[in-house]
Each structure stands twice: as structure tokens, then as C-alpha cells.
Amino acid sequence: MRTPLKDTARGRRALAPGLLAAALLLAACGGGGDGDRSERARTDTTCDGRIDGTAQVTVWFHAGPSAEYNTLRRQVQDFNRAQRQVRVEAVTLPEQRPYNELVLSAAASGDLPDLLDFDGPRLYSYAWSGTVKPIDSCLSESLREDLLPSIRQQGTYAGRLYGIGTFDSGLGLYARPSVLKKAGIRVPRGAEDAWTAGEFTRILRTLRTAGYEHPLDMGLAYAKPGEEWNTYGFAPALWSAGGDLIDPETFRTGDGFLNGPESVEALTTLQNWVEEGLVEPGRTEQAFGQGRSVISWSGHWWYPDYSRRFPGDVAIVPLPDFGEGTVTGMGSWQWGLTSGGADGDAVWRFLAYLLQPDQVHRMSEANGAIPATHSAVKLSPRYAEGGAERLFIEQLTDGVARPRPRTPVYPAITEAFSRAFPKIMIDRAPVKATLDEAVEAVDKDLAAHDGYPEKGS
């Protein structure tokens with residue numbers, strides 16, 4: 001999915017031998033200050049408001065799109081040039097599965113960097129295992145209030161803030177208003193006006209009658225087993241129907257939730273769209289851009305391409321309402337301070353720099369993601385009232401967006417669901433039986449970890 005590092009010796013040990021081939025070092029030299037924290041209420045000791053002497057900080061960053069990588073590289077260089085107290089050395093590593101495996105390996109061997117970049121929902125397993133530490137003591141109240149509520153929500157585990165992203169994400173339906181108008185189809189004005197699932201089915205049939213063989217592109221080209229897109233993109237359908245990926249109160253079982261009647265009904269509706277031929281079967285990611293599909297179930301990252309392809313003829317509307325209101329996914333890559341001996345204030349100084357409004361704007365302009373702070377959102381007219389991507393901000397601030405389950409068992413949840421989804425959608429496997437298998441895998445992981453009991457601080 002398109003979206004969004006302890007002392008130098010330890011950081012370099014983490015690059016030995018296999019990682020050296022994958023890593024790219026960025027360097028310079030630096031220093032700087034981070035303001036007075038004397039009035040801050042602390043629930044941890046990560047930051048005490050001072051840096052003793054000079055400090056070296058190692059950062060790991062997923063490779064990601066080239067524009068995202070190039071922006072981070074320049075941010076490191078600019079930070080190092082601007083001050084001399086903290087020197088940042090950044091290492092970029094392969095994205096997705098190789099990256100996660102490298103992080104787990106480094107955690108096991110004690111070779112993690114000082115500042116770690118990771119996909120948002122991985123936070124909860126990292127926090128539970130002690131890989132990252134809480135950072136409430138590092139934030140000023142003004143910064144905390146400036147963060148989008150979704151950023152705070154995603155970064156919180158067991159009541160404490162462990163991670164912060166400099167950008168967020170959003171889902172919606174991209175549609176061609178000219179085509180909809182010609183077919184007599186209304187265009188939703190916002191979340192309260194979303195198409196119902198039944199209405200959406202009728203819309204797809206109408207568009208097929210109008211000459212579009214597969215009117216809906218659901219990104220099935222990406223729906224491979226183990227891919228995060230499956231969970232991020234389609235868990236909202238379960239939530240909207242009243243289902244879930246796991247018991248949201250206890251996080252102790254998926255039984256009756258992931259395989260409950262609401263979840264089964266939501267995925268059966270999606271499967272029926274595929275079986276009826278209403279969905280682009282996944283041969284290409286360009287069905288909407290090439291004009292073969294009229295509606296694309298996708299995220300913020302497609303807006304630049306779609307708007308260039310159809311200037312003035314792209315609308316972003318909410319995902320369908322499956323019965324309990326429209327719901328969207330949220331969350332993207334974020335930063336966490338690892339649990340080593342590095343000076344938390346030194347590490348935070350660089351992260352605080354990345355969270356300055358101009359730096360948040362700089363990154364979101366590069367990767368097309370949604371700025372993580374209210375102050376940075378104001379720098380982009382796309383998110384202003386009436387702006388082309390305004391819906392994404394409304395969803396993130398009005399409670400329409402939901403984080404993926406904030407529990408250490410999430411890696412097992414997404415692995416199970418992301419394998420079940422293509423079986424259901426592409427192989428046309430029975431929905432209930434396939435979800436029963438997914439529940440069994442999740443509950444097996446829970447049993448192996450005694451339900452992931454909360455640990456002491």
C-alpha cells in the first residue's frame with residue numbers, strides 16, 4: 001500500500017552482514033534545542049527536558065516510495081546542518097515484510113536503533129514486548145493538541161502514547177461525477193449521506209448497464225495473501241456492518257466477531273459483487289485510471305494520479321454503509337523510541353523537528369499522505385473546506401475513521417484476515433468456513449501468549 005533509529009556503535013552492529021546490503025546511510029552533523037518542558041505532566045521518564053553533551057542518534061526508515069525516502073534524507077541533512085548537539089544517522093531498509101522481519105530480528109539480538117519507523121498497527125505488539133517505550137513525557141501540550149485525534153489514537157496503547165506519525169491515511173470511493181450524473185446516480189455529500197450497501201449494489205448494476213463491464217475497482221490486484229491492504233482496505237466493511245476482527249472489549253477471542261453474522265454478511269456482499277462480475281477481477285491496478293471502472297475503492301495515495309487523469313472529474317465519497325454507518329480505515333507509518341539506553345531527549349529533538357508544521361507539510365506533499373497535525377493541514381488547500389480531499393480530514397476528525405485493533409495480537413489478526421480475504425474474493429471460498437479458519441489462527445496465537453496480559457510499566 002502506498003502511503004508512510006542507540007549509540008552509533010549499536011546502530012552499526014544492527015547492519016551487519018545481511019542488512020548492509022539493504023541499507024543506505026545518510027549523514028552530516030548537528031545540534032539544537034526543544035523548548036521548556038517544566039510544566040509538562042509526565043507518566044514516564046523517557047524525556048527529562050535536557051541533553052547532556054552531544055549525542056548520536058540512529059534512525060531506521062522503511063524505503064517506501066522514492067519521494068518519501070528522498071524527503072526524509074533531506075530532512076536528516078537539514079536537521080544536522082541546523083545544530084551541533086544531536087547528530088542523526090539514518091538507515092533505510094526494505095519496506096513491508098522484509099522490514100518487519102529485520103525489526104524483530106534486531107529486537108531479539110538487542111540491536112535496535114534509537115528511533116524506529118514502523119507501520120502503525122505494529123505499535124501494539126512492540127509496546128507490549130517492550131521494544132518501544134512511552135513518550136508522553138516528551139510532548140508539549142501544544143503539540144499534543146495539534147495532533148489529529150486519529151494520530152493520538154493510533155499511537156496509544158494501554159493508555160499511554162508510544163508512537164507518533166507525521167502523516168495519516170484515509171479510504172474512500174473515487175468516482176467520476178460526469179458518469180454518475182449521466183446515469184442518474186446521486187453523489188453523496190459526506191459521511192452522513194453515504195450510499196447504503198444495497199443502494200451501492202444497484203448503482204454498480206446501473207453502471208454496468210451503461211456499458212462499464214466491471215464498474216468497481218476494489219484493488220484486487222493487491223489482494224495477495226499476507227498483504228496489509230486486505231485488512232486495512234476491507235475491515236471497514238465489517239465494522240460498518242457491526243462486525244469486528246476481534247472482541248473489541250477484551251481482545252481475547254475472534255470467535256463471534258471475525259466470524260460473526262455481521263462480518264459474514266459484509267464479506268458475502270463483497271463476494272457477491274465479484275461473483276456478479278461487478279468488480280474488476282484484479283488483472284491490473286489501472287482499471288479506474290484507464291476509464292474501465294467508474295468507482296475505485298481505495299485510499300488517499302491515488303488522488304494525484306486520478307486527478308491528473310480526469311481533471312475536474314474526480315469526487316471522493318465515503319465507503320458504503322453496511323448497516324451501522326460508513327467507516328474508514330486510518331493509520332500509517334509512525335515513529336517510536338526504542339527501549340535502549342539512548343538519551344530520550346536527543347532522540348525526541350529530531351522527531352520534534354519532523355513534527356514541525358513545515359516539515360509535516362513537506363513530507364505529506366512528497367508522499368501524498370494526510371498531514372498529522374492541524375497546523376500542517378492548514379498549509380494545504382486540498383484539505384480546506386470545499387477542498388478536493390476534505391473528506392479525508394472530516395473522517396479522521398469526526399470519528400468515522402477507526403484504528404485497526406489496538407492489541408499485541410494484531411500481527412496474527414492481520415495475517416489471518418489477509419489470507420482469508422483473497423480466498424473469499426478470488427477463490428470464492430465459503431465465507432463462514434473461511435472466517436472460522438481465521439478465528440482459529442487468531443485464537444491459537446492468543447493462547448500461545450496467555451492472551452497478551454498487560455505488563456507493568
Side-chain angles (χ1 to χ4, degrees), residues 40-48 100 103-108 110 112 114-139 144 147 149-165 228 231-232 235 239 243-258 260 329-342 344 347-348 351 401-417 438-457:
R40 188 168 313 151
R42 296 189 178 93
T43 58
D44 59 72
T45 59
T46 300
C47 291
D48 60 13
N100 293 329
V103 171
L104 293 174
S105 176
L112 284 168
D114 302 313
L115 185 61
L116 181 66
D117 168 60
F118 47 85
D119 198 10
R122 297 271 168 183
L123 168 72
Y124 317 120
S125 60
Y126 291 160
W128 180 83
S129 65
T131 300
V132 296
K133 54 190 175 183
I135 56 174
D136 293 283
S137 61
C138 302
L139 276 74
R144 186 184 297 274
L147 295 171
S150 57
I151 292 290
R152 296 195 301 268
Q153 189 177 19
Q154 177 189 242
T156 299
Y157 171 69
R160 307 174 83 179
L161 190 70
Y162 283 85
I164 296 181
E228 184 64 21
T231 311
Y232 173 79
W239 294 327
D244 216 314
L245 297 169
I246 192 170
D247 183 340
E249 298 296 329
T250 68
F251 298 118
R252 298 301 295 267
T253 183
D255 194 28
F257 297 89
L258 178 52
M330 56 173 267
S332 193
W333 290 76
Q334 61 180 296
W335 297 101
L337 277 65
T338 59
S339 300
V347 182
W348 176 253
L351 182 50
R402 282 184 59 172
R404 281 153 282 180
R406 295 186 293 171
T407 167
V409 77
Y410 182 76
I413 293 172
T414 192
E415 180 71 15
F417 185 82
V439 166
E440 184 178 352
V442 172
D443 284 6
K444 182 178 180 180
D445 186 86
L446 282 162
H449 295 88
D450 297 322
Y452 291 95
E454 284 189 17
K455 300 179 179 180
S457 302

Rounded distance (nearest 0.5 Å) linking atom [atom1] of [X] with atom [atom2] of [Y]:
{"X": "N100", "Y": "E228", "atom1": "CG", "atom2": "CD", "value": "9.0 Å"}
{"X": "R404", "Y": "Q154", "atom1": "CZ", "atom2": "CD", "value": "7.0 Å"}
{"X": "W335", "Y": "W348", "atom1": "CH2", "atom2": "CH2", "value": "12.5 Å"}
{"X": "S125", "Y": "L104", "atom1": "OG", "atom2": "CG", "value": "7.5 Å"}
{"X": "F251", "Y": "I246", "atom1": "CZ", "atom2": "CD1", "value": "7.0 Å"}
{"X": "L245", "Y": "F257", "atom1": "CG", "atom2": "CZ", "value": "11.5 Å"}

Distance-only donor-acceptor check, side chains D44 and S137, under 3.5 Å: yes
Taking the six-membered ring for Trp, are F118 and Y126 closer than 6.0 Å centroid to centroid?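 Close enough - the centres of the two rings lie under 6.0 Å apart.
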Measure from the side-chain N and O atoms of D255 to the backbone N and O of V439, and report whether any donor-acceptor pair falls under 3.5 Å. no
If every non-hydrogen atom of [X] is compared with every non-hydrogen atom of [Y], which pair is closest and at what distance?
{"X": "L123", "Y": "T156", "answer": "CD2-N, 4.1 Å"}
{"X": "V347", "Y": "A342", "answer": "CG2-CB, 4.2 Å"}
{"X": "C138", "Y": "T46", "answer": "SG-CG2, 3.9 Å"}
{"X": "V442", "Y": "A412", "answer": "CG2-O, 4.0 Å"}
{"X": "R144", "Y": "L161", "answer": "NH1-CD2, 4.3 Å"}
{"X": "G331", "Y": "Y232", "answer": "O-CE1, 4.1 Å"}

Could you go through L139 and I135, starting from their C-alpha distance and side-chain angles, then the distance that decides it, and tell me whether this counts as side-chain contact (heavy atoms from CB on, under 4.5 Å)? CA-CA 7 Å; L139 276 74; I135 56 174; 4.3 Å; yes
Should the pair Y124 and Y157 be assigned to parallel (<30°), tilted (30 to 60°) or perpendicular (>60°) ring geometry?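 Answer is tilted, since the angle falls between 30° and 60°.
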Check whether any side-chain heavy atom of P405 lies under 4.5 Å from a side-chain heavy atom of I413, and answer yes or no. yes
With a cut-off of 6.0 Å (strictly less than), are more than 12 heavy atoms of other residues, nucleotides or ligands near CZ of R252?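 For R252, atom CZ is not crowded (no more than 12 foreign heavy atoms under 6.0 Å).
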Does D244 form a side-chain contact (heavy atoms from CB on, under 4.5 Å) with R402? I'd like the steps, not just the answer. CA-CA 11 Å; D244 216 314; R402 282 184 59 172; 3.1 Å; yes
